[in-house]
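A short write-up of the structure that comes next.
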There are 4 protein chains.
Amino acid sequence: MKEHRSGPVRSAAAREAILEATARQFHREGYDRLTIEGIAKEAGVGKQTIYRWWPSRGALIADCLAEGRLFPLSFDVPHTADIVADVEVWLDTVLAILNAPQGNELLRSLVAAAAEDAAVGDHLGASLGVDRSLTQRVQAGVNAGELPADTPTEQLGQVLIGTIVLRTLGRMTDHAEPMRQLIRFLLTPRP
Amino acid sequence: MKEHRSGPVRSAAAREAILEATARQFHREGYDRLTIEGIAKEAGVGKQTIYRWWPSRGALIADCLAEGRLFPLSFDVPHTADIVADVEVWLDTVLAILNAPQGNELLRSLVAAAAEDAAVGDHLGASLGVDRSLTQRVQAGVNAGELPADTPTEQLGQVLIGTIVLRTLGRMTDHAEPMRQLIRFLLTPRP
Amino acid sequence: MKEHRSGPVRSAAAREAILEATARQFHREGYDRLTIEGIAKEAGVGKQTIYRWWPSRGALIADCLAEGRLFPLSFDVPHTADIVADVEVWLDTVLAILNAPQGNELLRSLVAAAAEDAAVGDHLGASLGVDRSLTQRVQAGVNAGELPADTPTEQLGQVLIGTIVLRTLGRMTDHAEPMRQLIRFLLTPRP
Amino acid sequence: MKEHRSGPVRSAAAREAILEATARQFHREGYDRLTIEGIAKEAGVGKQTIYRWWPSRGALIADCLAEGRLFPLSFDVPHTADIVADVEVWLDTVLAILNAPQGNELLRSLVAAAAEDAAVGDHLGASLGVDRSLTQRVQAGVNAGELPADTPTEQLGQVLIGTIVLRTLGRMTDHAEPMRQLIRFLLTPRP
DNA sequence: TCTTAACCGAGACGGTACGTCGCGTCTTCTG
DNA sequence: CAGAAGACGCGACGTACCGTCTCGGTTAAGA
């Protein structure tokens, strides 16, 4: 255990404390009640230390998002013979977030952050496993002839997340059945 | 039997001035820079007159939205033999908003408002003509056998708007081609 | 030529309710928390009815003062052979007000009202019985040779009230002994 | 051991600007039109900086009073063989304030402030030189046998200021002659 | 008897100021 | 010498009252 005298030794600890406090407050209060002063106080950190490293509230959220501090879940998509079932597994993971207490509020907060800050917007879809897992699974389905060749693979993830986002903005709940119906419609080859 | 109250009555002129100023500032500044004080000043109105009738910024936006003060466009969907073409007409109208100056910012602002306020969320889809026009056209297509019977008509509007919203949050542009591709995929009967 | 007017005449009930509510709120809240709106509500009266008949808060207090609604006491000065004792009776009455709960606050409120409004200032001394009783008793003392001829009778009342006012503004209490000492000094013929 | 706190220290420039602006507005507008916002604007300071250090309008006035920012005069009492003349010198200084333009309004404002705020009340008499000069002179007179031993030295200052205050509240003017008469009555040994 | 004008209650209106919160910057002291 | 602590100028918040101005309803003179 080395104890250094000078240099930004404390920085890592401060960074950790700040992001942790950010995630905690974001869950507790939502995005629009998230304040830099509140984070600084809760993290035991000077405000300047935050401003030195992050340009805005949104950037804090973006970092939390990128490091998986907001959704403590894995969004892996399995790869069986049944693509519809596979995607529904992913859907269940996403809906688990919304069905948790404050789940809808959490997603709405995230959308608010994304609307305000480009960096959050960039990671929104990605953080829910769209690029890394969902799109790959769909692409594999196309390659395997499971889905038609003209399937817009890129868009499908956007379609699913987008639909859920819009339903959440409209304060709808019980997304499970409509979303399953939609997935089946999108992924079932019709004669 | 009417419930009657004596005393002065709500000023129509003030209501008009407030909503007009709200719409103007919303376009000019975006949602997060929209302030009650700014609206009051621009409308030549006391702050209290706003607070007396609207509980929040969001409610003002919701009213503007409901009265078509934010999008001075009609979102009617034509009804020809070609449903894909018909829906693409609607798409062009929506994209016209996004391609206008500040168009993307406008939509993002609207999303921010919807995330914060339920009333705005309620009207978001509706105000873009989804319920009134788009869903009806799709339903007619199903009824006419133009589309398969299992088409999730209700969801299609959400899918299209949701996808556009998500793309906008991700700061994508050039929605035209991907969206056309998606529409064709959704509405073209596959063998 | 008579100036004629039709319509109902000033409502005595409203006037009564307003002054009563004013006196009640003045005792309860003090002058600076006294509001026209509060009086109107408590009196069950429209604000306009107050503004129609009184130009200011101060005028309301002045009327209350003039009608003895603030101090429900009589400030009569007895007339025995001992002028010092007589004046001390008056002093006790005045001090009774200050020793009542909120008594000091009450006098300070009255001073605040007097500072703001000329009509209150006019009646301040008078309402405490100075002109009507105290000065008369002192003048009688001079006439009877009880006091020296050069006694400034007019000022003596001002001196006593003024001293009490100043002590109250300075948040002093226990005025009794110092005031008695002062009275004795002023009214005892010295060799 | 001193109690030390890290962080920035109170800005002397801000304090100075605030008190200066307070005194200026107090003279210009009087106490009841004195507003925190007005002071902040005139001092080029944030409102919070005022609220951080002073609990109320009254506290600002009290500080101005204590630092001699309201009366730019000296209230020294000379010490000659003629105590009446000496006190009249002091009286002239006080009356000079009242005879200046807005002088009566100034004193009334001060009284209003004193009625509202204890700190102002504490300094009211003191600031007019009563404790520091007048009472000392009177006490010296008693010690020298110039005045009777039973003279209530403490009260005499209150009597003079109190009388002037009361006359001012009653919107009287021309205090000079009555006050001189009173002083002579109080300080002239009678046979 | 029937206007009709002033009264009344209620309270909406354009304003001003309140006292608080949070912003992003800047300064000081301490470990 | 980096960082916690926090003061600063600023701007907006939502509230309380101000004094004025409608409203609809009621009441008493005078036509």
Side-chain angles (χ1 to χ4, degrees), chain A residues 3-11 13-14 17 33-41 43-52 55-57, chain B residues 4-15 17 33-41 43-53 55-57, chain C residues 4-11 13-15 17 33-41 43-53 55-57, chain D residues 4-11 13-15 17 33-41 43-53 55-57:
Chain A
E3 183 65 43
H4 270 301
R5 300 168 298 97
S6 73
V9 171
R10 178 104 172 98
S11 294
R33 294 196 197 138
L34 189 72
T35 68
I36 300 283
E37 297 207 334
I39 293 168
K41 182 151 287 181
V45 139
K47 281 201 288 178
Q48 196 57 259
T49 304
I50 300 180
Y51 283 113
R52 193 174 297 124
S56 66
R57 272 189 328 162
Chain B
H4 252 312
R5 203 186 47 70
S6 117
V9 99
R10 179 170 185 175
S11 157
R15 199 193 110 98
R33 300 209 190 123
L34 188 72
T35 68
I36 300 282
E37 294 208 335
I39 294 169
K41 177 159 291 184
V45 140
K47 277 200 285 180
Q48 200 57 48
T49 301
I50 300 181
Y51 284 112
R52 191 176 297 122
W53 301 110
S56 64
R57 280 190 319 162
Chain C
H4 260 308
R5 204 181 44 71
S6 90
V9 96
R10 177 170 187 175
S11 157
R15 197 192 113 97
R33 295 197 197 137
L34 189 71
T35 69
I36 301 283
E37 296 208 334
I39 294 169
K41 181 150 288 183
V45 139
K47 280 200 289 178
Q48 197 57 260
T49 304
I50 299 180
Y51 284 112
R52 191 175 296 121
W53 302 110
S56 66
R57 274 189 323 162
Chain D
H4 253 309
R5 203 184 47 70
S6 121
V9 99
R10 178 169 187 176
S11 158
R15 198 192 112 97
R33 298 206 191 128
L34 189 71
T35 69
I36 300 282
E37 294 209 335
I39 294 169
K41 177 160 291 183
V45 140
K47 277 199 287 180
Q48 199 57 49
T49 301
I50 300 180
Y51 284 114
R52 181 145 45 229
W53 302 109
S56 64
R57 278 190 318 164

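In the text below, chain A, chain B and the rest are named by the order of the sequence lines, each starting its count at 1.
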Quick one: A/I50 CD1 to F/dA2 P, roughly how many Å, whole number? 19 Å
What residues form a side chain to side chain contact (heavy atoms under 4.5 Å, CB included) with B/A40, not counting sequence neighbours? B/K47, B/I50
Suppose we screen for salt bridge (charged side-chain N to carboxylate O under 4.0 Å, His left out). Which residues come up paired with B/R15, at least two apart in sequence or across chains? B/D63, B/E67
Starting from P on E/dG24, measure out to CG on A/L34 and report it in whole angstrom. 12 Å
How about B/R52: does its CZ atom have over 12 heavy atoms from other parts shown lying under 6.0 Å from it? yes
Going 5' to 3' through nucleotides 6-11 of chain F, assign each nucleotide B (protein heavy atom under 4.0 Å from a base atom), S (under 4.0 Å only from sugar-phosphate atoms) or - (no protein heavy atom that close). BBBSB-
Whole-Å distance separating the CD1 atom of C/I39 from the P atom of E/dG9: 14 Å
Partners passing side-chain hydrogen bond (donor to acceptor under 3.5 Å, both in side chains) against D/Q48 (at least two apart in sequence or in another chain): none
Does D/S11 have any side-chain hydrogen bond (donor to acceptor under 3.5 Å, both in side chains) partners at least two apart in sequence or in another chain, and if so, which? none
Applying side-chain hydrogen bond (donor to acceptor under 3.5 Å, both in side chains), can you list everything that pairs with A/S56, at least two apart in sequence or on another chain? A/D117
note: A/Y51, atom OH; F/dA5, atom C1'; distance rounded to Å ~ 15 Å
